[in-house]
Structure formats: C-alpha cells, structure tokens
Amino acid sequence: MKKILLLTVILMGLSCSTTQNSSENWVGKTKQNFIKNWGPAIRTLDDEKSGEILIYADQVYANNNRHSSSESSDSNYWNYTYVYVNKEGKIASLRKEKQVFPPQQINAVDLLGKNSISAK
C-alpha cells in the first residue's frame, strides 16, 4: 500500500512539472505542429514583423450569487494564451493572461506594445 501511495505522489509531481514547462517546450516548434496539438486559434492577428499572434481563450464562469437558487452564471474572466509566431512559421514565445474582456476587443498593437493588454 505504501508503494502505491509513493508511486502516485511521484507521478503527480511529474505531471505537474510537465504541465508547467509545456509552454516552454513549444518555442522553436512549427506553427502547424502547435495547431495540430492545441487546435485552431479563436483569433489570429498579424504582428508588425511579418509574423502572427494566435489567440486561444477559455471563458471562465462562476455563480456570484451563492444564496440564489438560480442556475444562471456570470462571466468573471477569460484565460488567454497568446502564441507569437515568427515569419519563419516557428513559435517565438507564449504568454498566458487573465482578462475580463472578450477576444473581439484584442488588437495586435496592444499585444506587442505592452506586457499586459487592456480593452479599448
């Protein structure tokens, strides 16, 4: 029983470290391989250097009124992953960010000029 518990803890530790480094592992890989793994981006923007920015977004919902019996939920935020692709078609970098605005309000100038973006 102790061996099973120890093995489980080790496997959980390995999976956590793999997840944390998975973004870094894509740098230098091709855009095509990335899309095969992650699927199509929700939006694609051209950057100023003949490359592009792939935008992946997950909308996170939470019920803000815990005392209500209503099943409706309010949108709290979006989890974004920005994938910067260079002109050779390779992943240059990835960045994750939480924001309260939808993907339609993102533009390339904001993504390239700041560490964090804001809605216009």
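What you see is a predicted model, and the numbers here were worked out from it, not measured in a lab.
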Exercise for review: Look at the rings of Y82 and Y84 and say which category their plane angle falls in: under 30° parallel, 30 to 60° tilted, over 60° perpendicular.
Suggested key: tilted
Smallest separation among heavy atoms of [X] and [Y], with atom names:
X    : Y   : result
I91  : L94 : CG2-CD1, 3.5 Å
K31  : V85 : CB-CG1, 4.1 Å
Q105 : R43 : N-NH1, 4.3 Å
F101 : W78 : O-CD1, 3.2 Å

Exercise for review: Find the distance between OG1 (T81) and CG (D58) and round it off to the nearest 0.5 Å.
Suggested key: 7.5 Å
Check your understanding: About how many Å separate CD1 of I53 and CZ of R95, when rounded to the nearest 0.5 Å?
Key -> 8.5 Å
Review point. Can you name the residues that form a side-chain contact (heavy atoms from CB on, under 4.5 Å) with I42, not counting sequence neighbours?
Key: I55, A57, P103
**Study point:** side-chain contact (heavy atoms from CB on, under 4.5 Å) partners for K87, two or more places apart
**Key:**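 K87: side-chain contact (heavy atoms from CB on, under 4.5 Å) contacts with S50.
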Point to revise | Verdict with reasoning, L54 to I35, per side chain to side chain contact (heavy atoms under 4.5 Å, CB included) | key: CA-CA 9 Å; L54 307 177; I35 292 173; 4.3 Å; yes
Practice item. Using the test salt bridge (Lys or Arg N to Asp or Glu O under 4.0 Å), find all partners of K90 that sit at least two apart in sequence or belong to another chain. Key: none
Practice item. Under the side chain to side chain contact (heavy atoms under 4.5 Å, CB included) rule, what do K29 and F34 come out as? Steps first, then yes or no, please. Key: CA-CA 7 Å; K29 306 288 190 223; F34 187 87; over 6 Å; no
Check your understanding: After noting the C-alpha distance and the side-chain angles of W26 and V83, does the key distance pass the side chain to side chain contact (heavy atoms under 4.5 Å, CB included) rule?
Key -> CA-CA 9 Å; W26 283 107; V83 181; over 6 Å; no
